[in-house]
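First listed ligand is number 1; within each ligand, the first listed atom is number 1. Each residue takes its place number in the sequence, starting with 1. Note that these values count all heavy atoms, side chains included, but never hydrogens, waters or copies made by symmetry.
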Amino acid sequence: MRRGILFVLSGASGVGKGTVLRSVLLEDENLYFSVSWTTRAQRKGEVDGKDYHFVTRDDFEQEMKGIGFLEHAEFVGNLYGTPRRAVEKQLEAGIDVMLDVERIGALNVKRLVPDAVLIQLVPPNLSKLRQRLLKRGTDALEVIGRRLERAREDMNFYREFDFVIVNDDLSDAIRELQSVVTAERLSSTRIHPDAFAIHSSQDAKLEEELDRLESEIRLSGAD
Ligand code: 5GP
């Protein structure tokens, strides 16, 4: 069986990653979203176990000692980590996995899983991002400032990603992410040999019919 593909979507908070991801995941049954662990406080509207597993720093550090995380990183004062076992299980079952991790985590994943597909979602410019963060109103101004600084830094690393999607128009960004997923699934380096057959079909009836057709053409002299 074909092993699942590991997709990693990265992008500054406020860039619209959540919205793009939700839409792509909703329409793709073969794409599993890996729910990360975080020590960040739960925001209004977020669901524990769906958006994140919200845990204490103690729990997180405990988990780091065991099988723990495929990768983890500190981001603006909080810990975030990708649970290793859940991701492995899906990939082994042939299901493609989508991670939502910041730049350092994404580049760590690439080192561990060289054929992972890294995608960076960027805003058309930093003012647009600042506007989204201010309007969202979920973070204190000081945190927004730090997040913007990180975004500026992260965007400079765009060449380390396999794909860059500019989120100017939401429906374009959604379509572009779907296109990346589809293109990777069709890559000749990934496609499983059982997906198509280079040999003749095993259908005796079809083979018989083709032989008959061929001799008819030969007899009619049309060849
Ligand atoms: P937020 O607090 O806005 O939900 O997320 C902050 C940043 O942490 C985002 O860039 C998000 O992609 C990243 N993030 C979420 N989960 C993980 C994870 O498991 N590992 C790493 N390295 N980053 C994560």
Check: Which atoms from ligand 1 have a heavy atom of Ser13 less than 4.0 Å away?
Finding: 3 (O)
Next item on the list: To the nearest 0.5 angstrom, please state how far the CZ atom of Arg2 sits from the CG atom of Leu91.
Entry: 9.5 Å
Note to self: Suppose I only count heavy atoms of Gly11 and a 4.0 Å limit; which atoms of ligand 1 are within that range?
What the structure shows: 10 (O)
Notebook entry, point to check: For the residue pair Phe60 and Phe69, does the interplanar ring angle fall in the parallel (under 30°), tilted (30 to 60°) or perpendicular (over 60°) class?
Noted result: parallel
Margin query: For the CG atom of Asp51 and the CD atom of Gln42, what is their distance to the nearest 0.5 Å?
Written below: 8.0 Å
Check: Nearest protein heavy atom to atom 12 (O) of ligand 1, by residue and atom, and its distance?
Finding: Asp100 OD1, 2.5 Å
Note to self: I need the Glu63 CD to Lys65 NZ distance, nearest 0.5 Å.
What the structure shows: 11.5 Å
Checklist line | Arg190 side chain near Arg185 side chain, heavy-atom distance below 4.5 Å | finding: no
Next item on the list: For the residue pair Asp169 and Ser171, confirm or rule out a side-chain donor-acceptor distance under 3.5 Å.
Entry: yes
Check: In terms of side-chain heavy atoms, does Arg147 have a donor or acceptor partner in Ser13 at a distance below 3.5 Å?
Finding: yes
Note to self: Please classify the Arg40 to ligand 1 contact at 4.0 Å (heavy-atom distances, strictly less than): side chain, backbone, both or neither.
What the structure shows: side chain
Next item on the list: May I ask you to identify the nearest protein heavy atom to atom 19 (O) of ligand 1, giving residue, atom name and distance to one decimal place in Å?
Entry: Ser36 OG, 2.7 Å
Check: Should Thr82 be counted as touching ligand 1, given the test is an N or O pair under 3.5 Å?
Finding: yes
Check: Just distances here: any N/O of His72 and N/O of ligand 1 closer than 3.5 Å?
Finding: no
Notebook entry, point to check: Looking at Gly105, which atoms of ligand 1 are within less than 4.0 Å of one of its heavy atoms?
Noted result: 22 (N)
Next item on the list: Would you kindly say whether Ser36 and Thr38 are connected by a side-chain donor-acceptor distance under 3.5 Å?
Entry: no
Item checked: Interfacing atoms of ligand 1 (cut-off 4.0 Å, heavy-atom, Ala73) -> 22 (N)
Item checked: Shortest protein heavy-atom distance from atom 20 (N) of ligand 1, along with the residue and atom involved -> Glu71 OE2, 2.7 Å
Notebook entry, point to check: Can you check whether Asn167 reaches Arg132 side chain to side chain, under 4.5 Å on heavy atoms?
Noted result: yes
Margin query: Any atom of ligand 1 sitting under 4.0 Å from a heavy atom of Ala106?
Written below: no
Checklist line | ligand 1 contact on Arg136 by region, counting heavy-atom pairs under 4.0 Å | finding: neither
Next item on the list: Ignoring hydrogens, just give me the one of Phe69, Tyr52, Phe75 whose non-hydrogen atom is nearest atom 4 (O) of ligand 1.
Entry: Tyr52
Checklist line | Check: Arg43 N/O within less than 3.5 Å of ligand 1 N/O | finding: yes
Notebook entry, point to check: So which protein heavy atom does atom 3 (O) of ligand 1 come closest to, and at what separation?
Noted result: Arg147 NH1, 2.9 Å
Margin query: Taking side chain to side chain contact (heavy atoms under 4.5 Å, CB included) as the criterion, tell me which of Ile165, Ile119, Val117, Val180 meets it with Leu9.
Written below: Ile119
Notebook entry, point to check: According to a 4.5 Å side-chain heavy-atom criterion applied to Ile, Leu, Val, Met, Phe, Trp and Tyr, with indirect links allowed, do Leu121 and Phe75 form part of one hydrophobic cluster?
Noted result: no
Notebook entry, point to check: What's the shortest distance from atom 23 (N) of ligand 1 to any protein heavy atom, and which residue and atom give it?
Noted result: Glu102 N, 3.2 Å
Check: So is Lys17 polar-close to ligand 1, meaning N/O to N/O under 3.5 Å?
Finding: yes
